[in-house]
Amino acid sequence: MEILREIAAHVENGKNNEVRLLVGKCLEEGIGVSDILNNGLVAGMSSIGIRFRNNEVFVPEVLMAARAMKSGLEIIKPILLQEKVPTKGTIIIGTVLGDLHDIGKNIVCYMLQGAGFDVIDIGIDAPKEKFIEAAQNHGAQVIALSSLLSTTMSYMKEVMEAVRASEIAGTVKVIVGGAPVTQAFADEIGAHGYASDASGASEIVKRLIG
Ligand code: B1M
């Protein structure tokens, strides 16, 4: 769809206002939020990611694209949250220590909230103690770990080990995700679930808590 391609291009070029306008227009035209998300906003971020990897663009351009994507996300967020039903459980989510990427994690948050879960987002660069403390304080059923770097995904294993050694062992499930994370890695560290994308994360949590 042309309008979604335009959104992707504006995300890639870091054009906040254009992204906001076109996302609003999509909603008026009745285009579904998952289409806007996946074929517009995420598609634009994927393109800039490839150019970043090929050294065609650098951190400032990527940050501008990330900001443009976030401005679009803010508009569809209320709709992602609209179907919220009485809480089905509490999830602690964060990006692990050393990792500052939060766009994917935020989408996972919206999906989980949209599916009716209470989501406590502990942010980026989160140490294992913070996950455990938050899970204890909020009586969470699931801890969700996000990592975008192959150098930080190994920290997920440390979180798993800390959870196993803590008082909340056995009462909380841990799920993992993020671009470099795989099912094989999740199995290796003993995680209770893995998802490659935000809707998958929501499905896994429903299965684990249900
Ligand atoms: Co970074 N970065 N970055 N970056 N960055 C990547 C991840 C990279 C793949 C780029 C590349 O080389 N092609 C590469 C990682 C390579 C690797 O380790 N394998 C990389 C690198 C190297 C770096 C730096 C080291 C660069 C440098 O400084 N030399 C540095 C590290 C900083 C740090 O974290 N300590 C860095 C910095 C940055 C910015 C700050 C500039 C910015 C982050 C801004 C922000 O997040 N606020 C940034 C960005 C934007 C990217 C790319 C371009 C886009 C990431 C993104 O937001 N994607 C990325 C390249 C790429 O992915 N194409 C890249 C869109 C988002 C919707 O997708 O995050 O994958 P994603 O989330 C998905 C799924 O992964 C999944 O669901 C989400 C939605 O469907 N998911 C989960 C995520 N978490 C989940 C949890 C779950 C389940 C599913 O369960 C719990």
Side-chain angles (χ1 to χ4, degrees), residues 42 45 59 62-63 66-67 69-70 73-74 77 80-81 84 86-210:
V42 173
M45 250 358 257
V59 171
V62 176
L63 279 177
R67 212 174 47 205
M69 178 177 179
K70 278 186 178 174
L73 267 181
E74 283 307 311
K77 186 174 157 185
L80 286 171
L81 303 182
K84 190 166 164 61
T87 184
K88 292 177 181 159
T90 302
I91 322 297
I92 306 299
I93 189 167
T95 304
V96 298
L97 189 72
D99 201 322
L100 308 177
H101 296 85
D102 68 354
I103 298 169
K105 168 187 68 62
N106 293 342
I107 298 176
V108 175
C109 286
Y110 301 150
M111 289 289 177
L112 288 171
Q113 287 169 336
F117 297 102
D118 271 343
V119 180
I120 313 294
D121 181 2
I122 61 167
I124 53 174
D125 197 18
K128 51 194 174 191
E129 296 81 8
K130 202 168 169 187
F131 283 103
I132 293 171
E133 194 185 311
Q136 268 167 337
N137 290 345
H138 294 278
Q141 289 80 30
V142 174
I143 294 177
L145 309 176
S146 179
S147 159
L148 262 284
L149 297 172
S150 36
T151 48
T152 57
M153 66 187 249
S154 55
Y155 189 75
M156 290 176 159
K157 185 171 181 223
E158 288 191 39
V159 182
M160 279 305 308
E161 283 164 359
V163 170
R164 272 191 222 109
S166 74
E167 284 174 9
I168 55 168
T171 68
V172 72
K173 310 273 188 209
V174 181
I175 68 162
V176 293
V181 181
T182 60
Q183 181 67 61
F185 175 77
D187 293 343
E188 187 189 314
I189 66 169
H192 302 97
Y194 157 77
S196 62
D197 60 22
S199 37
S202 159
E203 289 310 312
I204 296 273
V205 170
K206 279 184 209 158
R207 216 172 59 212
L208 288 173
I209 292 188

Just how far is it from atom [atom1] of [X] to atom [atom2] of [Y], taken to the nearest 0.5 Å?
X      : Y      : atom1 : atom2 : answer
Gln141 : Thr90  : CD    : OG1   : 5.5 Å
Ile122 : Phe131 : CD1   : CZ    : 4.0 Å
Ile132 : Ile92  : CD1   : CD1   : 11.5 Å
Leu145 : Thr152 : CG    : OG1   : 10.5 Å
Glu133 : Gln136 : CD    : CD    : 7.5 Å
Arg207 : His192 : CZ    : NE2   : 12.5 Å

Which atom pair, heavy atoms only, marks the closest approach of [X] to [Y]?
X      : Y      : answer
Ala195 : Gly200 : CB-C, 3.3 Å
Val181 : Ser147 : CG2-O, 4.2 Å
Val176 : Ala191 : CG2-CB, 4.0 Å
Met153 : Phe185 : O-CZ, 3.2 Å
Ala169 : Arg164 : CB-O, 3.3 Å
Ala186 : Gly193 : CB-O, 4.5 Å

Donor-acceptor pair, side chain of Tyr155 and main chain of Lys128, under 3.5 angstrom: yes

Under 3.5 Å donor-acceptor, Asp99 side chain and Leu149 backbone: yes

Within-4.5 Å side-chain heavy-atom neighbours: [X] and [Y]:
X      : Y      : value
Asp102 : Lys70  : yes
Ile168 : Ile143 : yes
Asp125 : Leu100 : yes
Glu161 : Ile189 : no
Leu148 : Ile103 : no
Val159 : Leu97  : no

Electrostatic pair Lys206-Glu203, nearest N-O below 4.0 angstrom: yes

Residue from Val142, Val205, Ile120, Val119 passing side chain to side chain contact (heavy atoms under 4.5 Å, CB included) with Ile93: Val119

